[in-house]
Amino acid sequence: MTVRIERLVTSGQFTLDGGTWDVDNNVWIVGDEREVVVIDAAHDAEAIAEAVGERRLSAIICTHAHNDHIDAAPALADLTGATIWLHPDDLPLWKQTHPDREPDAHLADGQVLETAGADLTVLHTPGHAPGAVCLYEPGLATVFTGDTLFHGGPGATGRSYSHFPTIIDSIRDRLLTLPPETKVLTGHGDPTTIGAEAPHLEDWIARGH
């Protein structure tokens with residue numbers, strides 16, 4: 001069966017450090033006709049469950065634990081029986097949103113999550129958040145970057161638990177080393193490629209944010 005990638009855009013709010021912003025999030029559904037995983041269960045568990053349809057949802061993989069990427073994860077897990085995966089370095093952020101519900105399993109750098117013909121390799125890419133990860137699928141020539149790398153530059157690092165030099169190191173060492181044709185599917189906004197972003201690294205460093 002053919003592995004495919006589907007995008008669902010959900011809308012809600014991002015809250016951190018006393019501020020709240022309206023946001024649109026990309027929810028990525030990866031798999032085949034029988035089984036899928038969801039990357040970042042944002043805002044609307046019922047809409048995500050509807051997009052999954054009759055297929056088995058085996059895992060909800062969190063690229064990081066900012067509330068707009070995880071707010072629907074427990075409800076979606078309850079609806080589907082899926083396992084919630086999070087890097088343990090982001091547990092302090094997770095607990096701000098879900099103080100009474102732990103993730104089910106911990107992501108680790110280099111781990112490979114296999115589902116429905118897709119092999120997602122976990123790349124720990126701290127900076128936007130301590131436990132931020134990207135998920136690389138070489139067979140699909142695709143990396144899911146959450147809020148680590150966007151079309152146009154790094155994710156934001158101006159709030160708690162974030163650090164600009166660290167995100168630059170993560171992007172340089174873990175992402176820009178991927179083949180240039182690799183598609184970059186982001187947590188918000190439009191896709192890009194590694195080749196399109198790599199030439200701008202020094203510009204990002206010079207801007208310092």
Side-chain angles (χ1 to χ4, degrees), residues 4-17 19-30 38-44 48 61-71 87 89-90 93 107 109 120-138 140-209:
R4 63 180 188 264
I5 299 169
E6 302 158 39
R7 176 167 76 162
L8 174 69
V9 178
T10 59
S11 299
Q13 292 185 321
F14 166 53
T15 300
L16 188 65
D17 295 343
T20 297
W21 300 265
D22 293 330
V23 287
D24 296 327
N25 285 62
N26 293 327
V27 178
W28 299 103
I29 302 171
V30 184
V38 160
I39 299 170
D40 287 347
H43 306 308
D44 192 334
I48 300 168
I61 308 169
C62 307
T63 62
H64 63 294
H66 284 151
N67 74 291
D68 58 317
H69 291 257
I70 63 164
D71 49 4
H87 193 283
D89 288 358
D90 258 20
L93 277 167
L107 297 169
D109 186 59
L120 297 164
T121 298
V122 177
L123 307 176
H124 183 209
T125 52
H128 180 70
V133 301
C134 298
L135 301 161
Y136 177 47
E137 216 300 355
L140 298 173
T142 297
V143 62
F144 300 89
T145 57
D147 287 1
T148 294
L149 178 63
F150 290 107
H151 176 67
T157 53
R159 302 189 183 100
S160 297
Y161 299 97
S162 65
H163 188 241
F164 179 75
T166 301
I167 202 172
I168 289 294
D169 288 346
S170 292
I171 291 170
R172 178 198 290 118
D173 299 341
R174 308 307 306 278
L175 298 180
L176 299 188
T177 54
L178 299 176
E181 66 274 12
T182 305
K183 294 187 292 291
V184 176
L185 301 184
T186 57
H188 309 270
D190 295 328
T192 183
T193 65
I194 293 296
E197 301 307 318
H200 303 292
L201 177 67
E202 295 305 321
D203 294 338
W204 304 335
I205 294 170
R207 289 205 310 263
H209 59 81

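Keep in mind that this is a model prediction, so the values were computed, not measured. Just so you know, these numbers use all the heavy atoms, side chains as well, and skip hydrogens, waters and symmetry mates.
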Spacing of [X] atom [atom1] and [Y] atom [atom2] [to the nearest 0.5 Å]:
X	Y	atom1	atom2	result
Trp28	Thr142	CH2	OG1	9.0 Å
Ile205	Leu201	CD1	CG	4.0 Å
Arg174	Asp109	CZ	CG	4.0 Å
Ile171	Phe150	CD1	CZ	9.5 Å
Ile39	Leu120	CD1	CG	5.5 Å
Leu140	Arg4	CG	CZ	12.5 Å

Donor-acceptor pair between Thr145 and Thr186 side chains, under 3.5 angstrom: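 Distance-only check fails for Thr145 and Thr186.
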
Any donor-acceptor N or O pair under 3.5 Å, side chains His66, Asp147: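 Per modelled atom types, His66 and Asp147 side chains form no pair under 3.5 Å.
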
Closest heavy-atom pair and its distance - Thr157, Ser162: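 Closest approach of Thr157 to Ser162, heavy atoms only: O-OG, 2.8 Å.
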
Validation: residues 175-182 side-chain donor-acceptor distances under 3.5 Å, sequence neighbours left out:
unit_1	atom_1	unit_2	atom_2	d
Thr177	OG1	Asp173	O	3.3
Thr182	OG1	Pro179	O	2.7

Selection residues 154-169 - residue pairs positive for salt bridge (Lys or Arg N to Asp or Glu O under 4.0 Å), sequence neighbours left out: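 Pairs touching residues 154-169 that pass the test: Asp169-Arg172.
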
Residue from Asp40, Asn26, Leu93 passing side-chain contact (heavy atoms from CB on, under 4.5 Å) with His69: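 Only match with His69 under side-chain contact (heavy atoms from CB on, under 4.5 Å): Asp40.
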
